[in-house]
Amino acid sequence: MASTSKKTTPSPPCCDSTTPAPPPIRRDATSSSSLVPQDWTVPSADRRPVVDSLPEPSKTASGTKTVIPVMLRAQTSHPLDPLSAAEISVAVATVRAAGATPELRDSMRFVEVVLFEPDKHVVALADAYFFPPFQPSLLPRSKGGPIIPTKLPPRRARLVVYNKRSNETSLWIVELSEVHAATRGGHHRGKVISSQVVPDVQPPMDAVEYAECEAVVKDFPPFREAMKKRGIEDMDLLMVDAWCVGYHSDADAPSRRLAKPLIFCRTESDCPMENGYARPVEGIHVLVDMQNMRVIEFEDRKLVPLPPADPLRNYTPGETRGGVDRSDVKPLQIIQPEGPSFRANGHYVEWQKWNFRIGFTPREGLVIHSVAYVDGSRGRRPIAHRLSFVEMVVPYGDPNEPHYRKNAFDAGEDGLGKNAHSLKKGCDCLGFIKYFDAHFTNFTGGIETIENCVCLHEEDHGILWKHQDWRTGLAEVRRSRRLTVSFICTVANYEYGFFWHFYQDGKIEAEVKLTGILSLGALQPGETRKYGTTIAPGLYAPVHQHFFVARMDMAVDCRPGEAFNQVVEVNVEVEKPGEKNVHNNAFYAKETLLRSELEAMRACNPQTARHWIVRNTRTVNRTGQLTGYKLVPGSNCLPLAGSEAKFLRRAAFLNHNLWVTPYTHGEMFPGGEFPNQNPRVDEGLATWVKQNRPLEETDIVLWYVFGITHVPRLEDWPVMPVERLGFMLMPHGFFNCSPAVDVPPSTCELDAKDNDVKDNGVTKPLQNGVLAKL
């Protein structure tokens, strides 16, 4: 990908424009009492441009090589780059060719083809010698100098394959190489490293299956008869949304691949933008065998009349929805005449003092790798290995059919990345934008590309900091700017926007924006339901919750190979009345070290301002405190279902807002890899923590569960204004002072004719602060 030519010039170290700040002090691994200064300075020679290969090494008279050996072309893709379309094709062809018979090969359906992420030491070698940030000084030092590799291991792909004939799910690891990815001269096959059948599971559903399910239901004669009773004969009016059945009893066991569709009916088939979700069809029970694509259960249980066509149901512009748009919205343009302040080199991004890599998977969507902050003379300071949203669950609170079954695992049953959009400039994102495409396999193994899937851009974010001296009237103010990386997906009726914001003061914000259309139910004439909100005649929206799980593999001040993090819980407590609190005003922050996994199953508590700090156990700041980053919760909730609720069998991770585990390869998804029709209780996070592994000094992984309880409003109809929720990662003793103090002033033009707000055409005069007070 092309990168921008502009790059922000590094600012002087924090708090002193002339004298370098002291480096952080790292405690020696063999003696906790000795403090050893660590040089974080990065030699300028280490910041080399990206190259495909290095020149052949020269030889001395004795024939010994004097420079680095040739870097083979196997390093043209970083170990963390998402798979290219060519690599996906290679992986699919390799697995298909491994099928023993033509029947087996024809029955293969490719649910997911994703990068098999390498071990962290491989990433460290890549970042040291082959790709930006080119910093070998971060690798552990050894006697005789660093060991310089000639090449990196080949990239690998991980495939989830569903056998439509046998109803089996298998996992494959395929090794790729440059010649394979280029598909030259017919050398298009990789090497199968491993394959295994995973028993008693169902993989996520695919869009192809959803389309086939809709067609099968519409062609089913009893279904057509049931719709005739409701006055519908045109099948083009119907929308059949296949929902995974979840797991409520043995009838939902994964021995069959099942779906229970929800049905909706438009009023006119020639209107592609009509809100079809405004007319739910209720009283019909349909169960579809998705393996053989046939209806296996059907019952017209109750004749519920279709809701009347709501005149307020549509959300398209102006007259197309039967309304008039506002006429007083003036243009608002975001202009960056000198281009952006960020630089993108492939998937590697630098902005201000931040740098990280962008990844993408069919299940999680956006992934942020190798997050670090360049802190003046201290060099590149790691903060996190990997950040992503790994699961979301949407349970509904209506006990009536079919709503009690609506508890979608939108990542594990469908895939957030596979449902992503192609973003539109000026609507989804503003300003100077860098887009990233995403490549996937479809169900039959073909390649699909979502262009402009991930958006990278800068945003003005109001005031960063300000102070005015009231005696002199002199003021210093700085505008806040943030770098935003985002994608948006649609899962049936709802839209979800996932955002990672990076700030100039060292904060990282994770934000989810919810919008789209409510999932509705139909009412009998005169009927009301206490489990939802009536939003139109014959229509109600059930109460429900949205839960999201962020997985954060942290690395606060940890160089490659180090595992020196721990988690501390902080609660603000009121001092008891007595000698220490004679005025009854005292309160303080109390810290508690979370020593093991079972101790680290925690809930939010806004009454005590509860938050958690990930600290480096061997690095201190200038006051002697351990450096750290704290997780600050936003608004949050816990499941409102009873402890015996069926969906909690698969979603036990929702019972706590915070979980902490030591990094373990393969522990990626809180409900296990295959939550679809999962009959096993507490699989995933709730089972892993029963090992009660120690956390006092290790490679920490945070699992933060956050959610919102949605009691629908009339104002959420016909399309819901965005609801926002999320959390913040904030430096806590990580820096020696505010890292935003070196942000330069913005150019302010106080042109009264153009910029000042006028009352009755008269410009407001500006007054000096001292004169105003006098």
Trainee: Does a side chain donor of either T687 or D682 reach within less than 3.5 Å of an acceptor in the other side chain?
Mentor: no

Trainee: Show the numbers, then the answer: is there a side-chain contact (heavy atoms from CB on, under 4.5 Å) between N407 and H248?
Mentor: CA-CA 11 Å; N407 41 73; H248 295 262; 4.0 Å; yes

Trainee: One pair to check against side-chain contact (heavy atoms from CB on, under 4.5 Å): C453 and Y435. What are the steps and the verdict?
Mentor: CA-CA 7 Å; C453 184; Y435 288 111; over 6 Å; no

Trainee: To the closest 0.5 Å, what do you measure between CZ (R357) and CG (L80)?
Mentor: 7.0 Å

Trainee: Taking the ring centre of each residue, are F727 and Y704 less than 6.0 Å apart?
Mentor: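 Yes, the ring of F727 comes within the 6.0 Å limit of the ring of Y704, centre to centre.
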
Trainee: I'd like to know if R109 and E212 make a salt bridge, using a cut-off of under 4.0 Å between side-chain N and carboxylate O.
Mentor: no

Trainee: Using 4.0 Å as the upper bound for N to carboxylate O, is an ion pair formed by R386 and E117?
Mentor: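 Salt bridge: yes.
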
Trainee: Is E448 salt-bridged to K418, cutoff N-O under 4.0 Å?
Mentor: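 Looking at E448 and K418, the cut-off is not met.
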
Trainee: With under 30° as parallel and over 60° as perpendicular, where do the rings of F389 and F498 fit, or are they tilted in between?
Mentor: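 Aromatic pair F389/F498 classed tilted.
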
Trainee: Between the side chains of H439 and S84, does any donor sit under 3.5 Å from an acceptor?
Mentor: no

Trainee: Whether the side chain of Q691 engages the backbone of W688 through a donor-acceptor N/O pair (distance < 3.5 Å, no angle test) should be reported.
Mentor: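 Flag set: sc Q691 to bb W688 pair under 3.5 Å.
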
Trainee: Search all heavy atoms of G99 against all heavy atoms of L104 and return the closest pair with its distance.
Mentor: CA-CD2, 3.9 Å

Trainee: Kindly say whether L685 contributes a backbone atom to a donor-acceptor pair with the side chain of W703 at under 3.5 angstrom?
Mentor: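 No.
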
Trainee: Mark yes or no for whether Q677, through its side chain, and D252, through its backbone, hold a donor-acceptor pair below 3.5 Å.
Mentor: yes

Trainee: One thing to verify: whether R165 and E103 come together as a salt bridge, which I'm taking to mean a side-chain N less than 4.0 angstrom from a carboxylate O.
Mentor: no

Trainee: For F669, is the NZ or CZ atom of R363 found under 6.0 angstrom from the centre of its six-membered ring and inside 45 degrees of the ring axis?
Mentor: yes

Trainee: From the options K120, R380, H78, select the one residue that forms a side chain to side chain contact (heavy atoms under 4.5 Å, CB included) with S370.
Mentor: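 In the set K120, R380, H78, the residue that makes a side chain to side chain contact (heavy atoms under 4.5 Å, CB included) with S370 is R380.
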
Trainee: May I ask you to check whether N678 and Q202 show a side-chain donor-acceptor distance below 3.5 Å?
Mentor: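 Absent: no donor and acceptor within the cut-off.
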
Trainee: Quick one: do H347 and V454 satisfy side-chain contact (heavy atoms from CB on, under 4.5 Å)? Show the steps, please.
Mentor: CA-CA 11 Å; H347 291 83; V454 173; over 6 Å; no

Trainee: For the residue pair Y373 and N355, confirm or rule out a side-chain donor-acceptor distance under 3.5 Å.
Mentor: no

Trainee: List the atom of P560, the atom of A124, and the distance in Å for their closest heavy-atom pair.
Mentor: CB-CB, 3.4 Å

Trainee: Is NZ or CZ of K164 both nearer than 6.0 Å to the six-membered ring centre of Y162 and within 45° of the ring axis?
Mentor: no

Trainee: Please tell me whether T698 and R693 have a donor and an acceptor in their side chains that are separated by less than 3.5 angstrom.
Mentor: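 Not at all, the side chains of T698 and R693 share no donor-acceptor pair under 3.5 Å.
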
Trainee: Going from CZ on F548 to CG on D410, what distance comes out if it is rounded to the nearest 0.5 angstrom?
Mentor: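 Spacing of CZ (F548) from CG (D410) equals 8.5 Å.
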
Trainee: With no hydrogens and no angle check, do the side chains of D437 and T449 hold a donor and an acceptor under 3.5 Å apart?
Mentor: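 Absent: no donor and acceptor within the cut-off.
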
Trainee: Looking only at side chains, do W172 and S170 share a donor and an acceptor under 3.5 Å apart?
Mentor: yes

Trainee: Can you confirm whether or not the ring centre of H665 sits under 6.0 Å from the ring centre of F116?
Mentor: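 Aromatic pair counts; centres sit under 6.0 Å.
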
Trainee: For D699, is there any backbone N or O sitting under 3.5 Å from a side-chain donor or acceptor partner on N565?
Mentor: no

Trainee: Look at D200 together with R680 and state whether they make a salt bridge at an N to O cut-off of under 4.0 Å.
Mentor: yes

Trainee: Does the side chain of M290 reach to within under 4.5 Å of the side chain of C213, using non-hydrogen atoms?
Mentor: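 Yes; the side chains approach each other to less than 4.5 Å.
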
Trainee: Could you walk me through whether N345 and E350 pass the side-chain contact (heavy atoms from CB on, under 4.5 Å) test, one step at a time?
Mentor: CA-CA 8 Å; N345 186 342; E350 295 175 287; over 6 Å; no

Trainee: Among E391, R551, E673, find the residue that satisfies the side chain to side chain contact (heavy atoms under 4.5 Å, CB included) test when tested with M668.
Mentor: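 Of all the options given, the one that passes is R551.
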
Trainee: State, with a plain yes or no, whether a side-chain heavy atom of L631 is found less than 4.5 Å away from one of V614.
Mentor: no

